[in-house]
Amino acid sequence: MQAFICTTCGTQFPPAEKAPPNCPICDDERQYVPQSGQGWTTQQKLAVGHVNGWHQYEPSIIGVATQPRFAIGQRAVLMRTAHGNVLWDCISMLDDATVSLIKALGGLQAMAVSHPHFYTSMNDWAEAFDVDVHVHADDSQWIMRKGPRIKLWKGETLKLTPDATLIRGGGHFEGSSMLHWAGGAGGRGIVCCSDTAYVAADRQHLTFMRSYPNLVPLPAERVQAIADALAPFAFDKMFGNFFESVIETGAKQALNRSVERYLAAIR
Ligand SMILES: [Zn+2]
Ligand SMILES: [Zn+2]
C-alpha cells in the first residue's frame, strides 16, 4: 500500500494498492489535467531527484519549496514566533532532512493550510511534527486524505497563537484563508495570502481569481469580502505562494489600490 501523490497538484491520497483513477482537485474547474495525462508519485519516489530548498526572508520567516519545482510549485512558510513555530501552507515532499532541520529549530507548534491546492501531504507533516493542522471546514469536501491531525475550523477568524490569526477571505474557495502574524516584519505585521489574494508579478499589486491557471475572475462582492476580512488587521508585508512573490512594504496600501483597480476593471 502506498499513499499516491498527484504530480499535477501535489495532493496526497489515502494509502492504496494502485494509483487513484483521477484527481478530483485537478478535475475541478480551478485546476487542470495536463495534456500528457495525470501522473502519480510517492514520497519515496519524489525524494529521488528532488530536495527541499530554503529561503530566509528574515530570521523569523523561512520559506521552503521542493527543487526542482514539483506540482504547482507550492512554497510553505515557517514562522518562528515568540509563541512557537507555525507552518503556514504545506508542500508535498517531506524528507528526513526537512524533519531534522525543523526539529532543530524547535519543531512546530501549529500548522494551517490556506485551501485545497496546498493540502498536499499535510497528514505526513502533522504526523512527523506531532501537531494539529488547521483547515477551514467550508472546504472539507476537498480533503482527499482524511486524518486525525486535521482540525476543521469554522467562522471568519481563528487565533493560532496569541499573535497569529487565521482569516477566512473566501473567493478562490469558500474556505480560502490567510494568515496574519502581528510579530512579522519587525512588528509591522505580515499577511500570508496564498491564493485568496495573489501577489502579482510586479510585487506592487494583488489580484483575485476563482481560477489562476484557467483565468476565471471573481465577482465584485467576493473581492470586497476579501478586503473587508483584512481591514481590521495591521500589516506592511505580504507573502504570496512562491519564493519570489512578496510585497516587501506598503502591502496594506497595495491591497486597497489593487481592490480599487480590480473593481474598476470589471465594472
Ligand atoms: Zn491533482
Ligand atoms: Zn489555489
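None of the values given here were measured: they were computed from a predicted structure. First listed ligand is number 1; within each ligand, the first listed atom is number 1.
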**Q.** side-chain contact (heavy atoms from CB on, under 4.5 Å) evaluation trace for Leu108 with Leu78
**A.** CA-CA 9 Å; Leu108 295 180; Leu78 177 68; 3.5 Å; yes
Q) Which atoms of the protein, restricted to N, O or S, are nearer than 2.8 Å to the Zn ion (ligand 2)? A)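 Counting only protein N, O or S atoms under 2.8 Å from the Zn ion (ligand 2), the list reads His115 NE2, His117 ND1, His172 NE2, Asp195 OD2.
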Q) When you draw lines from the Zn ion (ligand 1) to SG of Cys26 and to SG of Cys23, what angle lies between them, to the nearest 10°? A)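 Angle SG(Cys26)-the Zn ion (ligand 1)-SG(Cys23): 120°, rounded to 10°.
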Q) When you draw lines from the Zn ion (ligand 1) to SG of Cys6 and to SG of Cys9, what angle lies between them, to the nearest 10°? A)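 About 110° at the Zn ion (ligand 1).
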**Q.** Cation over ring face, Arg222 and Phe208, 6.0 Å, 45°
**A.**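 Verdict for Phe208: no cation-pi partner in Arg222.
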(Q) Quick one about Glu127 and Asn123 (side-chain donor to acceptor, distance below 3.5 Å, no hydrogens or angles considered), yes or no? (A)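 Checked: Asn123/Glu127 side chains show no N/O donor-acceptor pair below 3.5 Å.
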Return all side-chain donor-acceptor pairs below 3.5 angstrom for residues 11-22, not counting sequence neighbours, or 'none' if the list is empty.
residue: Gln12; atom: OE1; partner: Arg145; partner atom: NH1; Å: 2.9
residue: Gln12; atom: NE2; partner: Asp124; partner atom: OD2; Å: 2.8
residue: Asn22; atom: ND2; partner: Asp27; partner atom: OD2; Å: 2.6

So [X] and [Y], would you call those rings parallel, tilted or perpendicular, with 30° and 60° as cut-offs?
{"X": "Tyr212", "Y": "His172", "result": "tilted"}
{"X": "Trp125", "Y": "Phe129", "result": "tilted"}
{"X": "Phe70", "Y": "His50", "result": "perpendicular"}

